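The structure appears below as structure tokens.
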Amino acid sequence: MNFKLLLKEMIKESLEKNFDLKTDLIPITYPEVKEFGDYASTVALANSKVLKKSPKEIAEKIVSDLSKKDYFSRIDIAGPGYINFYLSDKVLEEFIKKSISEENYGESDYLKEKNIILEYVSANPTGPLHIGHGRWAAIGDSIANLLKMCGAKVHREFYINDAGNQINLLRQSVEAVKNGKPIPENGYHGSYIEDVAKMDGDPVLNLLEMQKKTLSKFRVKFDNYFSELTLHKNGEVEKTIEFLKKSGHCYELDGALWFKTTEFGDDKDRVLIKSDGEYTYFAVDIAYHKNKIERDFNTIINILGADHHGYVGRITAAIKIFAKEMNKNIESKILIGQLVSLFRNGEPVRMSKRTGEMITLEEVIDEIGSDAARYFLVMRKADTPLDFDIELAKKQTEENPVFYVQYAHARISGVLRNIEKPDFITNSIIDNPEARDIAIRIARYPEVCLDSAINMEPHRITQYLEDLSSAFHRFYNQHRIITEDKMLTSKRLAIILAVRNVLKNGLKLIGVEAPEKM
RNA sequence: GCGCCUGUAGCUCAGCUGGAUAGAGCAACAGCCUUCUAAGCUGUGGGCCACAGGUUCGACUCCUGUCAGGCGCACCA
């Protein structure tokens, strides 16, 4: 159950009944101050103008309606017309019970209509993954988990750019090293090229395997690796261009074929076939997106690095055109993640593949561990640039938020090891402020998951987990769990079991382990 | 020059889509372990929310402009 949405619904009904007002403008917040309740709404203030009634008057009607419901121990009207809701202990206990008994507590089906293809990482197979890829991998994987949890169908895909100039250059570079010849101009350098030269088989496949290995170490999985080459082989690029020509979205100019993306919001038209007869990268990429639509996804999400954000306009325009011509309703969203700058002891580390001085994602994982790396990369909003200092991350391991959260889980597991029969009861367990604080956070977990999924902001999960952990540590410090009083022990047990389940559940969402011991 | 993103405590960042007294963590200082994990807890100090206007009963949040930083502006991929 998502209480926030339920509350919204109840207020909505009340507004309709009393004022004949249909509105979705029903803001609900988590007050920062305890005295303002568990949930607060400014709905009366927000709608006072439209209704031409005083906020107080509106608030009173709502309070009178909602007081009849069973959920609240108290509803106050405060200040100019805030409504502050206090959940009853019974409701809170219900949440605790659910969070213990339901393994996938927090799950919902709000997004069940969505059939999503989520593309992320999609690194060129011309070198090892770096920390930037790590950020998209961590964020993408977490978003996929979140969307799934909220009922969406999610297909995770990695697009392999295994065709084109860069690939040719890579092959030539490897070949040159093999034969002891100088690497061609604009070719690939770096020690990894020498490693690849020593391996048998196709360097592109070998590099792809290396990337897959790193991703699996990072616990990031894809449902499909989609090869660009197949688009060429199946003639899909050609077909796509024919399709666009026929539907009148192309024109020729200066010996090249142009795509009128400006019709759908791009700032300039784009070339599909160059005057030398070659396809552009873009031509191939839209063939890929047409393919996505043909596979019947209704939501297309791409995660791109900020260095590719110039690409957003043309690709969204292309998707719109396809959707229109193919008579489909497609929702598309391109997430732009800001770049990661890697530092070591405050000194910037170059990430260029060409210099060979790059620190790979694999090295970072080996140095600080998957858990810390994933947590670090996911805990910041994607649209802020991230300075990632390896030494600092290592040094911070002792005071890292990830350990703080994991420690809470391990602590609970430790207590449970000291109990022979972990029987718990969920009646009248909220007998102190610390327990209540935990309970209200547990109740909010499904809401946080949904908000986090809809906004595609996994950092809200880490934020939440830290808050919940903090509430637990406070509880643990104040109250002994195991005592002679069996009844009391069973009550306390319910609280910590709930915390443990939610921590485990939340950590799983972001791909971090929940250790039994630390 | 144009476009996108960012600017909040000494540092790293949140701020729930316009509401109440702007919050965490780190760092600093002072306390708390004969009892379930002290990788923990409690307390203290620390703010012109980049700046200037505007909209509003109400702005960190929306609009305009300025400044600073990052990233883009190909018949490259």
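Computed from a prediction, not measured in an experiment: that's the story for all the values here. Lettering follows sequence order; numbering is per chain, from 1.
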Distance, P atom - from B:C71 to B:C13, rounded to whole angstrom: 16 Å
With a cut-off of less than 4.0 Å, is there a side-chain N or O of A:Asn418 near OP1 or OP2 of B:U37? yes
Mark yes or no for a side-chain to base donor-acceptor pair under 3.5 Å between A:Asn84 and B:A20, with no hydrogen or angle criteria applied. yes
Select base, sugar-phosphate, or nothing to describe what A:Asp383 touches, counting heavy atoms under 4.0 Å on all strands. sugar-phosphate
Need one value for A:Gly79: base, sugar-phosphate or nothing, where a base atom within 4.0 Å counts as base even if backbone is also close, heavy atoms only. nothing
Intra- and inter-strand pairing of RNA chain B, written as dot-bracket with Watson-Crick and G-U pairs under 3.5 Å and | for the latter, reads (((((((..((((.....[...)))).(((((.......))))).....(((((..]....))))))))))))....
Face-to-face stacking of A:Tyr407 with B:G40, centres under 5.5 angstrom, angle under 30°: no
Please determine if A:Asp431 and A:Arg436 form a salt bridge, counting it only when a charged side-chain N lies under 4.0 Å from a carboxylate O. no
I want to check one thing: is the phosphate of B:A77, taken as OP1 and OP2, less than 4.0 Å away from some side-chain N or O of A:Lys274? yes
Under a 3.5 Å cutoff, is there a donor and acceptor pairing between the side chains of A:Asn2 and A:Tyr110? no
With sugar-phosphate meaning primed atoms plus P, OP1 and OP2, does A:Asp285 contact a base, only sugar-phosphate, or nothing at under 4.0 Å between heavy atoms? nothing
Between B:A14 and B:U6, how far is it from one P atom to the other, in whole Å? 10 Å
Can A:Tyr404 be classed as stacking with the base of B:G25, given a centroid separation cut-off of 5.5 Å and a plane angle cut-off of 30°? no
Distance alone, cut at 3.5 Å: any donor-acceptor contact between the side chains of A:Thr489 and A:Thr483? yes
Salt bridge between A:Lys12 and A:Asp24, side-chain N to carboxylate O under 4.0 Å? yes
What interatomic distance, in whole Å, is found between C1' of B:C48 and the corresponding atom of B:A59? 15 Å
Just checking A:Phe343 against A:Phe388, ring centres under 6.0 Å apart? no
Could you tell me which residues satisfy side-chain contact (heavy atoms from CB on, under 4.5 Å) with A:Tyr407, sequence neighbours excluded, listed by chain and number? A:Arg411, A:His473, A:Met518
Does A:Arg474 or A:Glu35 map to a spot on RNA chain B nearer the 5' end, using the closest nucleotide for each? A:Glu35
Counting the atoms with a prime plus P, OP1 and OP2 as sugar-phosphate, which does A:Leu45 contact under 4.0 Å by heavy atoms, base, sugar-phosphate, or nothing? base
Is the gap between the ring centers of A:Tyr159 and A:Tyr288 under 6.0 Å? yes
Heavy atoms under 4.0 Å, any strand shown: does A:Asp387 hit a base, just sugar-phosphate, or nothing? nothing
Does B:G15 have OP1 or OP2 under 4.0 Å away from a side-chain N or O of A:His459? yes
By the 4.0 Å heavy-atom rule, please label A:Thr384 as base, sugar-phosphate, or nothing. sugar-phosphate
B:C60 to B:C16 separation - C1' atoms, rounded to the nearest Å: 14 Å
Stacked cation flag A:Lys4 on A:Tyr30, 6.0 angstrom / 45 deg: yes
Base orientation of B:C33, syn vs anti, 90° cut from 0: syn
Show me the donor-acceptor pairs within less than 3.5 Å that the side chains of residues 490-502 of chain A make with the rest of the protein, sequence neighbours left out.
| residue | atom | partner | partner atom | Å |
| --- | --- | --- | --- | --- |
| A:Ser490 | OG | A:Lys486 | O | 2.9 |
| A:Lys491 | NZ | A:Ser428 | O | 3.4 |
| A:Arg492 | NH1 | A:Arg480 | O | 3.0 |
| A:Asn501 | ND2 | A:Ser99 | O | 3.0 |
| A:Asn501 | ND2 | A:Ile100 | O | 3.1 |

Rounded distance in Å - CD1 (A:Ile481) to C1' (B:G40): 13 Å
Contact class for A:His308 (heavy atom, under 4.0 Å): base, sugar-phosphate, or nothing? base
Phosphate contact (B:U37 OP1 or OP2) by A:Arg417 side-chain N/O below 4.0 Å: no
With a 4.0 Å cut-off on heavy atoms, is A:Glu516 in touch with a base, just the backbone sugar-phosphate, or nothing at all? base
Tell me: OH of A:Tyr311 to P of B:A74, nearest whole Å? 14 Å
Under-4.0 Å side-chain N/O to phosphate OP1/OP2 contact, A:Lys49 with B:U56: no
Syn/anti state of B:U17 by chi, 90° boundary around 0: syn
Quote, to the nearest angstrom, the P distance that separates B:A68 from B:A77. 35 Å
Separation of B:G18 C1' from A:Leu25 CG (nearest whole Å): 9 Å
For A:Lys4, report the nucleic acid contact type (base, sugar-phosphate, nothing); a contact means any heavy atom under 4.0 Å. sugar-phosphate
Applying a 4.0 Å non-hydrogen cut-off, can you work out what A:His479 is touching in the nucleic acid: base, sugar-phosphate, or nothing? base
C1'-based separation of B:U21 from B:U35 [nearest Å]: 40 Å
Give one of base, sugar-phosphate or nothing for A:Ala306, where a contact means two heavy atoms less than 4.0 Å apart. sugar-phosphate
Considering only side-chain heavy atoms of A:Trp258, which listed nucleotide, B:U6, B:C75, B:G19, is closest? B:C75
So which one's nearest nucleotide on RNA chain B is more toward 5', A:Asp467 or A:Tyr281? A:Asp467
Spacing of the P atoms in B:A28 and B:U66 (rounded, Å): 43 Å
Between B:G19, B:C75, B:C16, which nucleotide has the shortest distance from any of its atoms to the side chain of A:Thr280? B:C75
With a non-hydrogen cut-off below 4.0 angstrom, is A:Ala163 in contact with a base, only sugar-phosphate, or nothing? sugar-phosphate
Looking only at the aromatic ring of each residue, does the gap between the centers of A:Tyr86 and A:Phe72 stay below 6.0 angstrom? no
How many Å lie between NE2 on A:His309 and P on B:A77, as a whole number? 19 Å
Mind checking the P distance from B:C4 to B:G65? Whole angstroms is fine. 11 Å
For B:U17, does OP1 or OP2 lie under 4.0 Å from any side-chain N or O of A:Thr29? no
